[in-house]
Protein chains: 2
Amino acid sequence: MESRCENCIIRQLNALKALDKNELKRISDTKISKNIKKGDFLFEEGEKLNGVFCVRNGVSKLSKMSDNGKDQIIKIATKGEVLGQRSVISEESTNLSAIALNDMEVCFIPKTELAESVNTNPNFTKELLLQMATDLKIADNIIVNMAQKNVRQRISELLLYLEDTFNIDDEGFIGMVFTREDIAGIVGTAKEACIRALSKLNKESLITIKGKRIKLDNKTKLQAIVDGLAN
Amino acid sequence: MESRCENCIIRQLNALKALDKNELKRISDTKISKNIKKGDFLFEEGEKLNGVFCVRNGVSKLSKMSDNGKDQIIKIATKGEVLGQRSVISEESTNLSAIALNDMEVCFIPKTELAESVNTNPNFTKELLLQMATDLKIADNIIVNMAQKNVRQRISELLLYLEDTFNIDDEGFIGMVFTREDIAGIVGTAKEACIRALSKLNKESLITIKGKRIKLDNKTKLQAIVDGLAN
DNA sequence: CGCTCAATTGAGCAACTTCAAAATTAGTGG
DNA sequence: CCACTAATTTTGAAGTTGCTCAATTGAGCG
């Protein structure tokens, strides 16, 4: 399933869109397509990355192990996202682990090629800058939510986000299934608390749970919960 | 107390160090020095910033109001830090408020001048990128701490950070005084919980409290608490 | 001295965590 | 396709932590 970056629409979703034809050729010649199986690491916290991973397909969780042994999911990365960008830019070992949540197709792009473009193409660098600025803003929001919202609010917010990100299947359920443990890891709580919050929302008819799948039945109310206007 | 950027050592602490002589002259000609009094806003959440603020002296808190009306302090900014950078880069209104915690001297640099340098000086852009990458990593850590550490651990960590950042006075106390409410705002808790955690640390002889000032008496033990190896 | 704001303490309550056990689901090999 | 094992989900219950409201103390200031 090898293909050329020049023809890859995915790059429109990230900073690579600022590259010109020649740069794309260069990168396409050096990139390596990889298939990652569900559950496998793309990379692990502390690893020194020699490049970044551009997600063509599949979903990955970016997580960080805390001292107490539980890991906190910082971000869910989907098609078009570039992983490892931050640590490659600052030339440090990565502060996060990336694990595939389903089978993935990714392109590995060596950092030498990126560095080349950073040095010669100001538009690319600016695009990277914009990307980082956005990530930073998102991180600020997460910090506030973690500090000031309760589990019920954070889960409601996550559900709205997930439906938005993964769309819905033919039955109206969120088009991607997460284990309760992963949901708990995103929300930053114990999985039991997560399960209880979900089944409470279920009982209140705000969501429907069918196996592991979740459907949102009342987004308005869920949003109100997030905003602290309802409980 | 007007002075020229060319002679200002502060810029070594941030991305402005990548500017060349001509750029520094240009910026020096357009910058505006301001004195901000304790308690005053540098800018307020939602405001459209026309430039950034380079801190020459004093301390500022960057905070974000959450829906429940409490504000969460995202960062404490000191000498050398540039505020408003993120929102100027992404040309959005700012997502944070900046309030002076003591009297401050800052230089306002118009965004047109920054944009000029971003467009013409790749080194400057790269410096900005590095800065953002660092900020992002810090934010990731904060998220994990918020999600997985308790108030006692977060406060211990903050104290170690504060002593490191503000040094100590002649009596060994941290060289900057924060209200308990601000500490609570940083740590993301109610001020009562913050007070109780502090006075517990005090009773245990890990810290000494004298009025509002705090001295660390056993950093090893405090670090152990942060790391979850002691309680 | 009286006023105001910050700090402290107390007490009750709600939210979360943790450990343990039961129920359900998924996966594997025959 | 079934049976069996492993893993995940769910529920229960006890114990902590942290939140909130209210009252008290203390410090700074005109």
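First the proteins, then the strands, lettered A, B, ... as listed; each starts at 1.
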**OP:** Determine whether any donor atom in the side chain of E181(B) lies under 3.5 Å from an acceptor atom in the base of dC5(C), or the reverse, and answer yes or no.
**Re:** no

Subject >> Nearest non-hydrogen partners of C8(A) and R56(A), listed with the distance >> reply: SG-NH1, 3.6 Å

Original post:
Would E163(A) and K219(A) pass as an ion pair if we require N to O under 4.0 Å?
Top reply: yes

Original post:
Mapping R154(A) and K212(B) to their closest nucleotides on DNA chain C, which lands nearer the 5' end?
Top reply: K212(B)

Original post:
Rounded to whole angstroms, how far apart are CZ on R180(B) and C1' on dC19(D)?
Top reply: 19 Å

Subject >> CD1/I9(A): more than 12 non-hydrogen atoms of other groups inside 6.0 Å >> reply: no

Original post:
Taking atom types as modelled and ignoring hydrogens, do the side chains of N145(A) and E157(A) form a donor-acceptor contact shorter than 3.5 angstrom?
Top reply: yes

Subject >> Nucleotide of dG18(D), dT9(C), dC16(C) approaching A193(B) most closely (side-chain heavy atoms) >> reply: dG18(D)

**OP:** Identify, between G211(B) and R196(A), the residue whose nearest nucleotide on DNA chain C lies closer to the 5' end.
**Re:** G211(B)

**OP:** Can you tell me the distance, in whole Å, between the NZ atom of K191(A) and the C1' atom of dA20(C)?
**Re:** 12 Å

Original post:
Nearest-Å distance, CD (Q153(A)) to C1' (dC19(D))?
Top reply: 13 Å

**OP:** Take the protein atom CG of L198(A) and the nucleotide atom P of dT8(D), then report the distance between them rounded to whole Å.
**Re:** 17 Å

Subject >> Residue whose closest nucleotide on DNA chain D lies nearer the 5' end, I209(A) versus A147(A) >> reply: I209(A)

Original post:
Given atom NZ of K200(A) and atom P of dT11(D), what is their separation to the nearest angstrom?
Top reply: 14 Å

Subject >> Nearest-Å distance for atom pair CD1/P, residues I195(A) and dT24(C) >> reply: 14 Å

Original post:
Between I183(B) (CD1) and dT8(C) (C1'), how many Å, whole number?
Top reply: 14 Å

Subject >> Within 6.0 angstrom of E47(B) CD, more than 12 heavy atoms from elsewhere >> reply: yes

**OP:** For K149(A), report the nucleic acid contact type (base, sugar-phosphate, nothing); a contact means any heavy atom under 4.0 Å.
**Re:** nothing

Original post:
Do the side-chain N or O atoms of S199(B) get closer than 4.0 angstrom to the phosphate oxygens (OP1, OP2) of dT8(C)?
Top reply: no

**OP:** Write down the distance between CD (E192(A)) and P (dG15(D)), rounded to a whole number of angstrom.
**Re:** 17 Å

